[in-house]
Amino acid sequence: MKHNNIRLRFAPSPTGPLHIGGVRTALYNYLFARKHGGKLILRIEDTDQTRFVPGAEEYIIESLKWCGIEFDESVIAGGPHAPYRQSERKKLYQLYSNQLIASGHAYFAFDTPEELEQARKNAEAQKQTFIYNVDTRKQLRNSLVMPQAEVNGLIAAGEPYVVRFRIPENTQVEMDDLIRGRVVVQSETLDDKVLFKSDGMPTYHLANIVDDHLMEISHVIRGEEWLPSLPLHVLLYEAFGWIKPQFAHLPLLLKPDGNGKLSKRDGDRLGFPVFPLRWKDPKTGEVSSGYREAGYYPEAFVNMLALLGWNPGTEQELFSMDGLIQAFSLDRVGKSGSKFDPEKTKWFNHQYLINRSNDELATEFRPILQAKGIVADQQYVQQVVGLVKERVQFVNELWEQSVFFFEAPTTYDEQVVKKRWKENTPAQMMELSNILNAISPFSASNIDAAIKSWIEEQAYGMGAIMNALRLLLVGAAKGPHLGEIMALIGKEETQRRIQKGIEKLTN
RNA sequence: GCUCCCAUCGUCUAGCCCGGUCAGGACGCCAGGUUUUCAUCCUGGUAACAGGGGUUCGAAUCCCCUUGGGAGUACCA
């Protein structure tokens, strides 16, 4: 049996900022839902009160919004299955927990955390792992072994208890994963997981299955770290007699160097963000950088993330969100983990940046100019970015590449001075100044032609002249074509820089 | 330890299901070219089927083993 409607969900826990692996999971859910004309739901799984972090939920919502991932039903948008925050659905889980107890699929357990800890230690001492299962149940304090009256008495007395799932004996649990195919496990290897905690809240397992069922989720796309609990989830669906969604477990995002899951620390260590947005830990005050603040375009970020673990099977690498929706398919998602590559991420940003129009880029560059106290009109800035955009990966690198369009150089690169400023250079520059003065209109092509013929007449070296001139105008051996620079800053400014430079460098 | 998952250039990956191309592309790196500089750009190069057994005329592709890696193993998600 299958669900008729396509309904996906992304279900994060508000225990901190969402990292890029989580964003990718949300993205794949979004792509799949849109591709198949389905709905996407955002559900907040806040059943652990001890790990709740203020601001995390808002952070998650803002991050996904920045990425262009939209939800049809959520804590903000509401929807037919509201509320979408599990802490507000508390009563529901109690009901379903009771149902499982009534049907014999679950039982009460009174073991204290200390007792269980002790049991684990004992097992460990014998080089074994303690699991709460058919073998150990009998020695523990639960409703499977205690007389009914005693159980009732303990509950009536307010003794804390949890509800555990009773894993069936001697069965093969068969699961189908859209990415991994069929997976089979023996039920004996599973343990009787806690479904309902003593604090009155469900655990992830119960809440997740109940909500996925109630919200009519057809496909569960989540990280591979959930694969080990898939058998439990399947068993839960069967115990309830509910239709299962289809599952797809995504490969993990790995750290760029060495092995292991990408973590917050890797970002700090290797100098790249692991979070979409900047995050300030409300407790420690610790700040983690974000892609947005680092100057990445959300389109580039999303494009990069989409290609990490999925590929279209063609050689196309640049995709708009709509393009991704068109091309996306779960059977082109790989099985093995992907190491995250910060370098390629920058390349993606560069691609999006050079494809921006000069007008857009000028607008994006404007706040940076303002901060530097530069007043320039849009037209001028447009021309500047047009000349330098190929050389940068981020908008915030534009200033460094174009300062000289806005300010005359105040210092001159010593290396270049040494190499290009010869004894006869000042005289040549004076001559050149006169040549430039006669040009009208002062356009790049006119300038180029005039300089070229003058150099030929005088039999000066092109390299010697142009590099010295560049030094005067830019202050360093960098920048776009000189003719373009002079045309843009204008004749007067060009003359000023030449005069000033000669003075400074001859003294 | 136990359970499960995974395995192609340094990295992301195509090819694998349905055996038969010098194993393709991109990032990075290196070299050359263009350029008045730097960058861009163009051209070229570098570099991989983890190992071992099978099956087959033929294996990256199918099967088994080994090795390696990862995840899980909480009254966390």
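Throughout, protein chains are lettered first and strands after them, A, B, ... in sequence-line order, and every chain is numbered starting at 1.
The separation between Glu390(A) atom CD and C42(B) atom C1' is 13 Å, rounded to whole Å. Rounded to whole Å, atom P of G25(B) lies 7 Å from atom CD of Glu315(A). In this structure, the CZ atom of Phe319(A) is 13 Å from the C1' atom of U13(B), given to the nearest Å. Rounded to whole angstrom, the span from the CE atom of Met462(A) across to the C1' atom of U35(B) amounts to 10 Å.
Note on Leu482(A): a base of the nucleic acid sits closer than 4.0 angstrom, heavy atoms only. Using a 4.0 Å heavy-atom distance criterion, Arg222(A) is classed as making no nucleic acid contact.
The side chain of Asn311(A) has U13(B) as its nearest neighbour among C27(B), U13(B), U37(B). Side-chain proximity of Val183(A) to C5(B), A7(B), U36(B): nearest is C5(B). In the set U37(B), U36(B), C6(B), the nucleotide with an atom closest to the side chain of Lys478(A) is U37(B). Of the candidate nucleotides C5(B), C12(B), A26(B), C5(B) has the atom nearest to the side chain of Arg180(A).
For the pair Arg24(A) and Tyr28(A), the cation-pi test (distance below 6.0 Å, angle within 45°) is passed.
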_B/S/- contact track for nucleotides 69-77 of chain B, protein heavy atom under 4.0 Å_ = SSSS-SBBB
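Ring-centre distance between Trp399(A) and Phe405(A): not below the 6.0 Å cut-off.
Searching all strands for a Watson-Crick or G-U wobble partner of A31(B) with both distances below 3.5 Å returns U43(B).
Electrostatic pairing of Lys264(A) and Asp266(A) does not count as a salt bridge here, judged by no charged N lying under 4.0 Å from a carboxylate O. Salt-bridge check for Arg141(A) with Asp111(A): failed, with every basic side-chain N at 4.0 Å or more from each acidic carboxylate O.
Remark: the His481(A) side chain and the U36(B) base include a donor-acceptor N/O pair separated by less than 3.5 Å.
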